[in-house]
Amino acid sequence: MKEIYRGKAKTLYEGEDGTCVMVFRDELTAGDGAKRAEKAGKGSINAEISAVFMQLLEKNGIKTHFISFEPPDRHVVKRLRILPVEVIVRNIATGSLVRRYPFKEGTRLEPPVVEFCLKSDEYHDPMVNEDIALALGLVDTPEELQEMRRISLKVNRVLSDFLREKGILLVDFKLEFGYDDEGNLLVGDEISPDTCRFWDADTGEVMDKDRFRRDMGSVIEYYREVKRRVCG
Ligand code: 5GP
């Protein structure tokens with residue numbers, strides 16, 4: 001397969017009939033790539049979890065790039081023009097939010113907080129407002145940001161409800177969007193313990209990439225537990 005793009009945790013290849021094949025690798029990175037490790041099995045665990053989430057979104061009327069899961073570690077996806085914007089939705093204040101603003105760690109955010117960030121390791125994904133997003137040409141119109149916000153909040157409701165049943169609190173997550181050839185705005189990339197914060201609803205235990213970021217240990221064991229609950 002012809003490689004189109006190699007990111008920090010996935011590689012994108014050209015597929016058949018305008019599709020792409022996204023291969024989930026075992027690498028873990030944090031701090032915009034400054035910290036790296038390889039955890040055997042991580043790629044396939046994330047591929048399986050993300051496939052369940054993408055199918056759940058589709059079932060709830062949210063359009064995504066997902067076409068099919070090819071076990072153990074690949075998704076066939078629609079080819080997208082990915083927007084250089086990350087959309088973050090937060091239900092609980094933690095992570096960079098409490099480092100940057102006077103929020104108390106663990107505060108519930110009602111309504112949820114949505115942030116748009118520039119996707120750039122070099123600039124450390126800075127938050128952008130509408131004017132900066134337009135001036136940088138990240139999007140062409142303010143309506144595109146509003147549409148991403150609307151879809152992201154719907155994704156939050158669908159995922160939060162699903163995960164609550166599995167004893168998992170959806171703390172926050174990051175989404176990426178892109179346009180397909182017909183001009184539809186679709187959810188792209190992945191939704192996994194690499195891109196979300198998951199806390200055990202009873203114990204508050206961290207079940208996501210923060211275990212790696214903060215050297216908490218047992219990274220793969222917790223990813224596996226998320227998979228067990230989500231993929232059942
Ligand atoms: P924070 O801004 O607190 O570091 O992250 C908020 C949420 O978005 C977390 O769930 C985190 O995993 C996700 N997130 C933010 N930026 C990135 C990123 O560049 N890559 C990945 N994989 N996740 C991100």
Side-chain angles (χ1 to χ4, degrees), residues 5-12 22-39 42-43 45-47 49-50 53-54 75 82-109 112-129 133 138 148-149 151-153 155-156 158-160 162-163 168-178 187-200 204-216 219-220 222-223 226 230:
Y5 179 77
R6 187 179 169 87
K8 294 196 289 286
K10 299 187 295 300
T11 310
L12 199 65
M22 197 166 76
V23 177
F24 291 67
R25 306 198 313 270
D26 286 342
E27 279 122 292
L28 266 165
T29 69
D32 301 314
K35 179 173 171 178
R36 289 166 183 275
E38 205 167 307
K39 300 277 177 198
K42 196 271 292 186
I45 293 171
N46 276 6
I49 294 171
S50 192
F53 287 149
M54 291 292 177
H75 288 189
I82 286 279
L83 296 173
V85 176
E86 295 184 343
V87 186
I88 295 174
V89 182
R90 301 177 187 271
N91 297 305
I92 305 232
T94 188
S96 76
L97 194 73
V98 298
R99 287 197 296 274
R100 289 177 288 135
Y101 304 97
F103 285 105
K104 196 165 161 275
E105 170 78 30
T107 308
R108 190 158 258 288
L109 303 164
V113 168
V114 177
E115 280 174 69
F116 295 101
C117 300
L118 169 67
K119 189 174 152 76
S120 162
D121 285 344
E122 187 188 352
Y123 288 91
H124 306 294
D125 299 351
M127 186 169 77
V128 295
N129 66 9
L138 309 183
M148 281 193 270
R149 178 187 166 84
I151 298 170
S152 300
L153 287 170
V155 170
N156 186 41
V158 170
L159 291 183
S160 293
F162 174 84
L163 287 164
I168 296 174
L169 185 62
L170 180 60
V171 174
D172 55 32
F173 61 95
K174 182 258 306 182
L175 292 179
E176 294 187 25
F177 288 86
V187 174
D189 197 46
E190 68 176 293
I191 304 175
S192 75
D194 273 8
T195 65
C196 305
R197 285 196 174 95
F198 299 132
W199 291 355
D200 182 280
E205 271 172 304
V206 170
M207 308 178 76
D208 56 66
K209 196 162 90 170
D210 271 353
R211 299 204 71 87
F212 172 68
R213 294 187 187 103
R214 293 157 53 190
D215 295 317
M216 298 166 81
V219 177
I220 213 73
Y222 278 91
Y223 275 47
V226 171
V230 167

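In this chain, residues are counted from 1 in sequence order. Counting starts at 1 for both ligands and their atoms, following the listed order.
The part of R213 lying near ligand 1 is the side chain, judged by heavy-atom distances below 4.0 Å. With a heavy-atom cut-off of 4.0 Å, R90 touches ligand 1 through its side chain alone. Contacts with ligand 1 closer than 4.0 Å are made by no heavy atom of V171, backbone or side chain. Counting heavy atoms closer than 4.0 Å to ligand 1, residue E115 contributes nothing at all. Contact annotation for C196 and ligand 1: only backbone heavy atoms (N, CA, C, O) come within less than 4.0 Å of the ligand. Here D194 has backbone heavy atoms under 4.0 Å from ligand 1, and that is the only part of it that gets that close.
Counting only heavy atoms of the protein, atom 14 (N) of ligand 1 lies nearest to K174 CB, 3.6 Å. Here the heavy atom of the protein found nearest to atom 2 (O) of ligand 1 is S96 OG, 2.6 Å. In terms of protein heavy-atom proximity, atom 19 (O) of ligand 1 is closest to D125 OD2, 3.0 Å. In terms of protein heavy-atom proximity, atom 15 (C) of ligand 1 is nearest to I88 CD1, 3.7 Å. Looking only at heavy atoms of the protein, atom 10 (O) of ligand 1 is closest to D172 OD1, 2.6 Å. The protein atom (non-hydrogen) at minimum distance from atom 6 (C) of ligand 1 is R197 NH1, 3.5 Å.
L170 approaches N91 most closely through the heavy-atom pair O-ND2, 3.0 Å.
T29 contributes no side-chain N or O that, together with a main-chain N or O of K35, makes up a donor-acceptor pair within less than 3.5 Å. R100 places a side-chain N or O within 3.5 Å of a backbone atom of S96 that can act as its donor or acceptor partner.
Here the options are K42, K8, K209, the test is side-chain hydrogen bond (donor to acceptor under 3.5 Å, both in side chains), and the partner is D194; only K42 passes.
Residues C196 and D208 fail the side-chain proximity criterion, which asks for heavy atoms closer than 4.5 Å.
Which parts of ligand 1 touch G95 is read off a 4.0 Å heavy-atom cut-off, strictly below it: atoms 3 (O). Those atoms of ligand 1 with a heavy atom of E86 less than 4.0 angstrom away are 16 (N), 17 (C), 18 (C), 19 (O).
Within a 6.0 Å sphere centred on OH of Y101, heavy atoms belonging to other residues, nucleotides or ligands number more than 12.
By the 30° and 60° cut-offs, the orientation of the rings of F53 relative to F162 is perpendicular.
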**Study point:** Stepwise salt bridge (Lys or Arg N to Asp or Glu O under 4.0 Å) test for D172 and R197
**Key:** CA-CA 5 Å; D172 55 32; R197 285 196 174 95; 2.7 Å; yes
Review point. Could you go step by step and tell me if L138 and F116 meet the side-chain contact (heavy atoms from CB on, under 4.5 Å) rule?
Key: CA-CA 11 Å; L138 309 183; F116 295 101; over 6 Å; no
